[in-house]
Amino acid sequence: MATPPPSCPPRDQREIKILTYNVHSCVGTDRRIDLNRIADVIAQSRADIIALQELDVGRKRTGGVDQAATIAALLKMNAHFHPALHVEEERYGDAILTALPTRLIRAAALPSIGETRGAIWVQVDVHGKPLNVLNTHLGLRNRDRIRQVAALLGDEWIGHAEFRSSPSIVCGDLNATPSTSAYKRLSTHLRDAQLLTTTKPRPTFPSRYPLLRIDHVFVSQEIRVRSSSIVLDPLARRASDHLPLLVGFRIE
């Protein structure tokens, strides 16, 4: 059962933690499918909001399990799932998990030439304040990522009046290092959380020997980032080919 460690120190109740994690269909670097292991990695982080990418729902290759719902149940959270890929009964995509009150605002595909990509936007009630959380997984091709970021900055997503009127977070596996056009375009509108603390930014991929910083959390001006870290323990290194990025913050 995935439960947080019992001896964790008390945390300021106004602080929230968000985790972004590409779980690779819950297939670890040891090639084992293990949803409990993914849930344990998340639980030990004590994250309040979890953005997951590469989840299988009803796919034969991973036993037909609803990975989003199963992981949410293990964590005693609710899940909002969006299938970027939907073929008959098999789905594959991204989810946002939390025990906090939420409202789904939008879940839709992004323009893609290669593998289909999408995004999901929910509004989370954080101590009575609305927080927009947008989770996405961008394409492998540079031209795809540029078009996808342009779409995300448009009127249906980040440019939407409801998104701009509240504190906001955009996170996920962007497949984009800080030197890429997609990252630079997004960083002109939002701030990279890893650059807002005294901790040196750390790469997340591949999990065994991380070299690339491609998983990101971007925040709006109303969000005060208090901590940023990569989960580097042996369990996380085995559970997926990406490492989770954990960010602690307050809403000003």
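Computation of the quantities below employed the complete heavy-atom set of this structure, encompassing side-chain atoms and omitting hydrogens, waters and symmetry-equivalent molecules.
- You'll find the side chain of Ile49 reaches within 4.5 Å of the side chain of Val124, heavy atoms only.
- Within the 4.5 Å cutoff, the side chain of Val247 has heavy atoms near those of the Val225 side chain.
- Ser220 contributes a side-chain N or O that, together with a main-chain N or O of Ser168, makes up a donor-acceptor pair within less than 3.5 Å.
- Looking only at distances, a side-chain donor or acceptor of Thr136 sits under 3.5 Å from a matching main-chain atom of Gly118.
- The hydrophobic cluster around Ile146 extends to none of the other residues, as no ILVMFWY side-chain heavy atom falls under 4.5 Å of it.
- With a 6.0 Å radius and a threshold of 12 heavy atoms from other residues, nucleotides or ligands, Asp30 has its CG atom above the threshold.
- Counting only distance, with no hydrogens or angles, the side chain of His160 and the backbone of Glu162 share a donor-acceptor pair below 3.5 Å.
- A heavy-atom distance below 4.5 Å is not found between the side chains of Thr204 and Leu212.
- Residue pairs that meet the side chain to side chain donor-acceptor pair (under 3.5 Å) test with at least one member in residues 143-154, sequence neighbours left out, are Ser112-Gln148.
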Open item on the list: Leu104 vs Thr102, test: side chain to side chain contact (heavy atoms under 4.5 Å, CB included). Steps then yes/no.
Closed with: CA-CA 7 Å; Leu104 177 64; Thr102 60; over 6 Å; no
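- For the residue pair Ser25/Asp56, the side-chain donor-acceptor check at 3.5 Å is satisfied.
- Side-chain atoms of Phe205 and Leu243, non-hydrogen and from C-beta on, never get closer than 4.5 Å to each other.
- Residues Ile120 and Arg106 form no side-chain contact, since every pair of their non-hydrogen atoms from C-beta on lies 4.5 Å or further apart.
- Applying the under-4.5 Å side-chain rule to Ile, Leu, Val, Met, Phe, Trp and Tyr, the cluster around Ile113 consists of that residue alone.
- Cluster partners of Leu138 are Ile105, Leu110, Trp121, Leu134, Val149, Leu152, Leu153, Trp157, Ile158, Phe163, Val170, Leu174, Tyr183, Leu186, Leu190, Leu195, Phe218, counting Ile, Leu, Val, Met, Phe, Trp and Tyr whose side-chain heavy atoms approach within less than 4.5 Å, directly or via other members.
- Residue pairs meeting the salt bridge (Lys or Arg N to Asp or Glu O under 4.0 Å) criterion with at least one partner in residues 206-215, sequence neighbours excluded, are Asp192-Arg213.
- The side-chain heavy atoms of Asp173 and Asn175, taken from C-beta on, include a pair separated by under 4.5 Å.
- In Arg61, the CZ atom is crowded: over 12 heavy atoms of neighbouring residues, nucleotides or ligands sit closer than 6.0 Å.
- Between the Arg191 side chain and the Ile223 main chain, a donor and an acceptor come within less than 3.5 Å of each other.
- Put simply, the side chain of Leu245 does not reach to within 4.5 Å of the side chain of Leu19, judged on heavy atoms.
- Here the side chain of Thr70 pairs no donor or acceptor atom with the backbone of Gln67 at under 3.5 angstrom.
- Side-chain atoms of Arg91 do not come within 3.5 Å of backbone N or O of Ala84 as any donor-acceptor pair.
- Counting only N and O atoms by type, the side chains of Thr20 and Gln53 include a donor and acceptor under 3.5 Å apart.
- For Pro206, the side chain to side chain contact (heavy atoms under 4.5 Å, CB included) test picks out no residue, with sequence neighbours left out.
- Using a distance-only test at 3.5 Å, with no hydrogens or angles considered, no donor-acceptor pair links the side chain of Asp66 to the main chain of Val57.
- Side chains of Ile71 and Leu97 form a contact here, defined as non-hydrogen atoms less than 4.5 Å apart.
- Judged by distance alone, with hydrogens and angles left aside, the side-chain atoms of Asn132 form no donor-acceptor pair with the main-chain N or O of Gln123 at under 3.5 Å.
- Using modelled atom types, no side-chain atom of Arg238 and backbone atom of Thr29 make a donor-acceptor pair closer than 3.5 Å.
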